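Step one of this worksheet: look at the structure below.
Predicted model, so just to flag it, every value in this text is computed and none were measured.
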Amino acid sequence: MAVASQQDLVERIWARDATVWTGSDEDRWLGWLDEPKRMLERAAEIAAFAQEARTKFETFVLLGMGGSSLAPEVLKRTFESKQLHVLDTTHPAMIRHAERSLDL
């Protein structure tokens with residue numbers, strides 16, 4: 001794919017162009033494009049929560065699936081975090097294993 005067409009694709013996604021996919025109703029589920037702005041508006045609140053949580057907890061467990069847990073897993077490995085545990089599953093046996101393994 002040429003650079004110009006890659007740029008065009010990105011612009012079409014940001015414009016919520018459903019024809020990028022099937023041309024059906026995909027534009028209805030592209031609300032995630034608004035998330036960076038929403039999170040920026042709440043940055044101070046999120047930072048305050050994180051600071052407070054660090055004073056109350058030593059261990060953090062994030063439950064997610066696929067893309068929702070990919071970024072936290074990368075950050076955990078990048079910063080060699082021992083306090084953050086990322087479970088990329090909702091399987092009950094794996095959650096029970098984490099509960100038994102961690103000092104929660």
Side-chain angles (χ1 to χ4, degrees):
M1 180 180 284
V3 173
S5 61
Q6 288 177 352
Q7 181 65 30
D8 178 59
L9 178 63
V10 169
E11 289 173 7
R12 289 174 51 211
I13 291 171
W14 280 105
R16 291 171 168 72
D17 179 355
T19 64
V20 169
W21 293 275
T22 67
S24 186
D25 64 350
E26 287 89 348
D27 57 324
R28 293 186 5 209
W29 49 263
L30 292 176
W32 58 269
L33 293 168
D34 301 320
E35 206 55 33
K37 182 178 183 231
R38 279 195 291 267
M39 289 296 98
L40 186 58
E41 292 169 351
R42 298 183 66 196
E45 175 188 350
I46 294 167
F49 172 78
Q51 184 61 38
E52 181 182 349
R54 280 195 294 263
T55 65
K56 294 181 179 182
F57 302 100
E58 293 179 9
T59 302
F60 299 86
V61 179
L62 179 127
L63 300 174
M65 293 289 293
S68 66
S69 58
L70 180 58
E73 183 65 33
V74 169
L75 293 172
K76 173 190 173 180
R77 292 178 186 203
T78 300
F79 296 106
E80 299 179 352
S81 173
K82 305 290 187 233
Q83 295 81 20
L84 174 62
H85 304 274
V86 180
L87 296 179
D88 186 30
T89 182
T90 57
H91 193 281
M94 294 301 295
I95 294 170
R96 283 192 294 275
H97 173 74
E99 182 181 25
R100 287 190 302 270
S101 303
L102 300 172
D103 182 12
L104 302 176

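- The salt bridge (charged side-chain N to carboxylate O under 4.0 Å, His left out) check on Glu41 picks up Lys37, with sequence neighbours excluded.
- Counting only heavy atoms from C-beta outward, the side chains of Leu9 and Val20 approach each other to under 4.5 Å.
- At least one side-chain heavy atom of Trp21 sits under 4.5 Å from a side-chain heavy atom of Ile13.
- In this structure, Gln83 and His85 approach most closely via the heavy-atom pair O-CD2, 3.6 Å.
- Residue pairs meeting the salt bridge (Lys or Arg N to Asp or Glu O under 4.0 Å) criterion with at least one member in residues 67-80, sequence neighbours excluded, are Glu73-Arg77.
- In plain terms, the two heavy atoms of Gly64 and Ser69 that are nearest each other are C-OG, 4.0 Å.
- At least one side-chain heavy atom of Met65 sits under 4.5 Å from a side-chain heavy atom of Thr90.
- Between Arg38 and Glu35 there is a salt bridge, since at least one side-chain N of the basic residue sits less than 4.0 Å from a carboxylate O of the acidic one.
- Counting heavy atoms from C-beta on, the side chains of Ser81 and Leu75 never come closer than 4.5 Å.
- Within 6.0 Å of CZ on Arg12 lie more than 12 heavy atoms contributed by other residues, nucleotides or ligands.
- For Glu58, the CD atom counts as loosely surrounded, since its 6.0 Å shell holds 12 or fewer non-hydrogen atoms of other residues, nucleotides or ligands.
- By the ring pair (Phe, Tyr, Trp, His ring centres under 6.0 Å) test, Trp32 pairs with no residue at all, sequence neighbours left out.
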